[in-house]
Student: 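Take a look at the following structure, please.
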Amino acid sequence: MPQFRLYDTMSRSVRPVETQEPEHLRFYCCGPTVYSYAHIGNFRTFLSADLVVRTAESLGWRVSYASNITDVGHLTEDDVADAGGEDKMERALRSKEGEAFANVWDLARHYADAFEEDWRLLNMRAPTVRPRATEHMREQIQAVEDLIKSGHAYETPTGVYFSVESFDGYGKLSGNKDQDTLMRAVRTVVQDDNKRHPADFALWKKDDKHLMQWFSPWGWGFPGWHIECSVMARQYLGDTIDLHAGGEDLVFPHHECEIAQSESCTGKAFSNHWMHVRFLQVEGEKMAKSKGNFFTVRQLIEEGHDPLAIRLALMGTPYGKPMNFTMQGLRDAGGILARIQEVERRAAKEAGTPGTEIQRIYDELLGAMCEDLNTSVAVAKMIEGIRSFLREDTLSAAQAGEARWFLDRIEQTLGMHGRTVEATAAPEVPEINGVLITKWIEDRAEAKRAKDFARADDIRKQIEAAGFELRDTPQGTEWKRLAPGS
RNA sequence: GGCGCCGUAGCCAAGUGGUAAGGCAGAGGACUGCAAAUCCUUUACGCGGCGGUUCGAAUCCGCCCGGCGCCUCCA
């Protein structure tokens with residue numbers, strides 16, 4: 001078995017993933033704040049986490065995987081300096097999309113459900129636990145109290161703050177260590193005179209006007225953004241976790257603050273390995289609603305893209321590099337997926353014994369994943385394996401069994417498969433101009449038999465104009481909805 | 001100001017010291033009434049530029065040019 005190595009933000013090097021317990025990975029990945037639909041950039045991060053889980057499982061490891069949902073409306077300026085600004089969920093509630101919801105709780109529930117649905121559609125492993133911030137309020141309050149008792153936190157008229165000077169290691173993850181860079185990083189603009197140090201960050205905000213508020217030893221209010229992850233990671237995975245992941249923007253302040261809180265609470269290392277996923281760009285530009293290049297998973301699916309094609313497209317560039325997501329790349333992925341589906345059709349029901357060649361291809365695929373999740377190479381190996389089965393006109397029973405084996409492997413390791421919706425549910429037969437497409441196809445076959453090719457081509461053109469593609473096979477003519485943009 | 005990343009064929013993108021993976025597009029071919037789908041073959045004498053180290057560099061070092069990210073709600 002190859003050694004599983006990942007880039008570690010803390011040590012700035014590619015290191016083996018070391019588990020405290022042999023072959024048992026304790027893994028935490030920071031989830032989204034659910035104030036709107038998650039976009040494909042969000043999912044690049046969660047997909048990378050999914051690939052960590054699948055790679056570990058492919059090595060025979062057990063994985064305890066926690067990925068949270070932040071359903072508390074944290075503030076638009078809830079940074080290390082102070083929790084100021086607007087509440088993200090309150091703002092969402094006031095927006096046009098927010099009109100559909102009675103209150104922030106409904107809004108959070110709706111987007112959390114949508115998030116989990118998209119997660120499933122992208123064929124991502126369900127986490128062992130998916131804790132929610134609002135369901136761990138007592139634990140968060142307890143942690144804040146502990147930090148006050150141990151001298152790491154203090155109360156002010158506006159809330160409870162973590163004292164950055166009480167923790168030596170503050171800045172070790174992000175490199176924001178010296179006072180000068182730290183001061184710049186925390187933007188002294190939003191200083192609070194009640195704080196002992198400008199970089200001190202909120203653990204609890206006092207606010208009895210907030211739409212989401214809880215009662216605490218410091219009165220009504222809500223928790224700071226960073227404390228939830230510290231608390232939930234500890235509760236479900238223990239004092240020290242093996243690997244912690246998130247988007248690159250979370251390095252500072254979020255993960256830096258998590259480390260400070262957790263290590264101050266336990267006196268132990270919070271995480272032994274840190275993984276950060278680089279941001280996704282679209283057509284070479286930063287994704288932004290204002291640029292019109294902002295995509296959600298459901299949007300792309302609605303446009304006719306297969307969720308697995310989206311998944312495959314997102315694997316085109318390894319997580320450690322910024323990725324340029326393009327519509328062309330998405331269409332390309334759809335083409336690869338079609339070939340996987342073709343092998344799925346030809347494969348046996350039961351996996352057979354892999355031959356040395358296909359075994360070699362899979363070993364290289366897994367080896368690439370173990371080397372810092374090199375998805376570019378892994379996908380190339382997957383295609384190599386898929387092609388080896390398409391090369392033959394017909395597969396022998398042994399080859400069909402090998403094909404099944406390989407498909408099972410790529411499902412386990414890459415989360416890719418060729419099972420189509422039509423294979424499990426009877427497809428709805430569409431009508432064209434009030435006539436079933438199957439009738440049009442029969443008419444065309446009739447014309448072909450009569451050698452009336454002009455009429456046959458005319459029928460095909462009509463069907464294509466309606467957005468369907470025909471494919472003549474030895475078993476007869478099949479139809480398929482045309483992929484968008486092709 | 002701090003931290004970090006990237007520049008490889010028309011496009012996307014691996015490769016991090018031993019002589020350029022893979023995908024898309026393009027070209028040719030098989031199959032087809034013609035297509036579609038699928039398969040086969042083919043496409044970079046060169047890896048932003050200039051120096052240096054080395055028997056040997058896309059890969060290491062230096063400088064330069066160009067692009068980008070985070071540090072601000074953000075995955």
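Since the structure is predicted, the reported quantities are computational estimates derived from the model, not experimental observations. Note on naming: letters A, B, ... go to the chains in the order of the sequence lines (proteins, then strands), and numbering restarts at 1 for each one.
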Student: Looking at the side chain of A:Asp472, which of B:C34, B:C39, B:C5 is the nearest nucleotide?
Tutor: B:C34
Student: Please tell me which of the listed nucleotides, B:U38, B:C73, B:C34, lies nearest to the side chain of A:Tyr35?
Tutor: B:C73
Student: How long is the line joining CD of A:Glu283 and P of B:C68, in whole Å?
Tutor: 16 Å
Student: Please give, in whole Å, the distance from B:C73 P to A:Tyr111 OH?
Tutor: 21 Å
Student: Aromatic rings A:Phe162 and A:Phe201: how do their planes relate, parallel, tilted or perpendicular, breaks at 30° and 60°?
Tutor: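 Parallel.
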Student: Would you check if A:His39 and A:Leu280 make a side-chain contact, meaning some heavy-atom pair closer than 4.5 Å?
Tutor: no
Student: Provide the distance between the two P atoms, one in B:G52 and one in B:U59, to the nearest whole Å.
Tutor: 14 Å
Student: Please state how far atom CD1 in A:Ile463 lies from atom C1' in B:A37, giving the value in whole angstrom units.
Tutor: 16 Å
Student: Can you check the A:Ile437 CD1 to B:A36 C1' distance for me, whole Å?
Tutor: 14 Å
Student: Would the base of B:C34 count as contacting A:Arg460 through its side chain, where contact means a donor and an acceptor less than 3.5 Å apart?
Tutor: yes
Student: I need the CZ-P distance between A:Phe252 and B:C74, as an integer number of Å.
Tutor: 13 Å
Student: Examine A:Arg125 relative to A:Trp119 and say whether NZ or CZ is less than 6.0 Å from the centre of the six-membered ring and inside a 45° cone about the ring axis.
Tutor: no
Student: In whole Å, what separates the P atom of B:A9 from that of B:C45?
Tutor: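 Approximately 10 Å lies between the P atom of B:A9 and that of B:C45.
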Student: A:Lys321 side chain N/O closer than 4.0 Å to the phosphate oxygens (OP1, OP2) of B:A14?
Tutor: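 Yes.
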Student: Mind telling me whether A:Trp274 and A:Phe270 have parallel, tilted or perpendicular rings, with 30° and 60° as the class edges?
Tutor: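 Taking A:Trp274 first and then A:Phe270, their aromatic rings sit tilted (interplane angle of 30° to 60°).
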Student: With both distances under 3.5 angstrom, what nucleotide forms a Watson-Crick or G-U wobble pair with B:A21?
Tutor: none
Student: Once you apply the 3.5 Å cut-off to both distances, tell me the Watson-Crick or G-U wobble partner of B:A9, or none.
Tutor: none
Student: Regarding A:Thr317, tell me which of base, sugar-phosphate or nothing describes its non-hydrogen contacts under 4.0 Å with the strands shown.
Tutor: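 Since only primed, P, OP1 and OP2 atoms lie under 4.0 Å of A:Thr317, the category is sugar-phosphate.
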Student: Please tell me which of the listed nucleotides, B:C39, B:U72, B:G69, lies nearest to the side chain of A:Arg278?
Tutor: B:G69
Student: Scan A:Ile336 against the nucleic acid and name what it touches under 4.0 Å (heavy atoms): base, sugar-phosphate only, or nothing.
Tutor: sugar-phosphate
Student: Can you check the distance between B:C61 and B:U54, where both ends of the measurement are the C1' atom (answer in whole Å)?
Tutor: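 B:C61 and B:U54 have their C1' atoms separated by 12 Å.
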Student: Roughly how many Å apart are B:G29 and B:C34, using the P atom of each and rounding to a whole number?
Tutor: 14 Å
Student: Tell me which of A:Phe43 and A:Arg12 sits closer to the 5' end of RNA chain B, going by the nucleotide each one is nearest to.
Tutor: A:Arg12
Student: Given the C1' atoms of B:C24 and B:U32, what is the spacing between them in whole Å?
Tutor: 24 Å
Student: Between B:A35 atom C1' and A:Phe468 atom CZ, what is the distance in whole Å?
Tutor: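 Spelled out: CZ on A:Phe468 to C1' on B:A35 is 19 Å.
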Student: Looking at B:A75, B:C24, B:A36, which one has an atom nearest to any side-chain atom of A:Arg471?
Tutor: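 Ranking B:A75, B:C24, B:A36 by closest atom to the A:Arg471 side chain puts B:A36 first.
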Student: Could you tell me whether the phosphate oxygens of B:A25, OP1 or OP2, come under 4.0 Å of any side-chain nitrogen or oxygen in A:Arg331?
Tutor: no
Student: Applying side chain to side chain donor-acceptor pair (under 3.5 Å), run through A:Tyr28 and A:Asn68 and close with a yes or a no.
Tutor: CA-CA 8 Å; A:Tyr28 188 92; A:Asn68 68 295; 3.2 Å; yes
Student: Classify the side chain of A:Asn374 versus the base of B:G15 as yes if they form a donor-acceptor pair under 3.5 Å and no if they do not.
Tutor: no
Student: With respect to the side chain of A:Asn42, which nucleotide from B:C70, B:C24, B:A75 is positioned closest?
Tutor: B:A75
Student: If B:A36 has a Watson-Crick or G-U wobble mate with both distances under 3.5 Å, name it; if not, just say none.
Tutor: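 For B:A36, the partner nucleotide comes out as none, under the 3.5 Å rule.
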Student: Which part of the nucleic acid, if any, lies within reach of A:Lys448 when heavy atoms closer than 4.0 Å are counted: base, sugar-phosphate only, or nothing?
Tutor: base
Student: Mind checking whether A:His254 and A:His226 have parallel, tilted or perpendicular rings, split at 30° and 60°?
Tutor: tilted
Student: Please give the nucleotide sitting opposite B:C68 as a Watson-Crick or G-U wobble pair, both distances under 3.5 Å, or none.
Tutor: B:G4
Student: Please work out which of the three classes, parallel, tilted or perpendicular, describes the rings of A:Phe115 and A:Phe46, given edges at 30° and 60°.
Tutor: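 Judged by the thresholds at 30° and 60°, the geometry between A:Phe46 and A:Phe115 is perpendicular.
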Student: Can you work out whether A:Val277 or A:Arg444 has the more 5'-proximal nearest nucleotide on RNA chain B?
Tutor: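 Looking at the nearest nucleotide for each, A:Arg444 comes out on the 5' side.
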Student: Using whole Å, report how far CG of A:Asp50 lies from P of B:A75.
Tutor: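 In whole Å, B:A75 P and A:Asp50 CG are 18 Å from each other.
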Student: Check if the side chain of A:Ser376 and the base of B:A14 share a donor-acceptor pair of N or O atoms closer than 3.5 Å.
Tutor: no
Student: So which nucleotide does B:G26 pair with, by the Watson-Crick or G-U wobble rule with both distances under 3.5 Å?
Tutor: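 Partner of B:G26: B:U42.
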Student: If we take the C1' atom in both B:G18 and B:A58, what is their distance in whole Å?
Tutor: 13 Å
Student: Taking pairing as Watson-Crick or G-U wobble with both contacts under 3.5 Å, can you name the mate of B:U16, or confirm there isn't one?
Tutor: none
Student: Using a 4.0 Å heavy-atom cut-off across all strands, classify A:His39 as base, sugar-phosphate, or nothing.
Tutor: base
Student: Between A:Arg387 and B:U38, does any side-chain N or O lie under 4.0 Å from OP1 or OP2?
Tutor: no
Student: If you look at every strand shown and take non-hydrogen atoms under 4.0 Å, does A:Gly246 touch a base, only sugar-phosphate, or nothing?
Tutor: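 Sugar-phosphate, no base atom in range.
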Student: Would you find a donor on one side and an acceptor on the other, under 3.5 Å apart, between the side chain of A:Glu256 and the backbone of A:Ser174?
Tutor: yes
Student: Between B:U38, B:C24, B:A75, which one does the side chain of A:Gln328 approach most closely?
Tutor: B:C24
Student: Under a 4.0 Å N-O cut-off, is there an ion pair linking A:Lys461 with A:Asp457?
Tutor: no
Student: In whole Å, what separates the C1' atom of B:A44 from that of B:G22?
Tutor: 15 Å
Student: Under the criterion of centre distance below 5.5 Å and interplanar angle below 30°, is A:Phe279 classified as stacked on the base of B:A75?
Tutor: yes
Student: Roughly how many Å is it from CG in A:Leu312 to P in B:C24, rounded to a whole number?
Tutor: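 The distance from CG of A:Leu312 to P of B:C24 comes to 11 Å, rounded to the nearest Å.
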Student: Please measure how far the C1' atom in B:U43 lies from the corresponding atom in B:A25, and state the result in whole Å.
Tutor: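 Straight-line distance between the two C1' atoms is 11 Å.
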Student: Counting heavy atoms from C-beta on, name the nucleotide in B:G7, B:A75, B:G22 closest to the side chain of A:Ala380.
Tutor: B:G22
Student: What nucleotide among B:C71, B:U38, B:C70 has an atom nearest to a side-chain atom of A:Arg339?
Tutor: B:U38
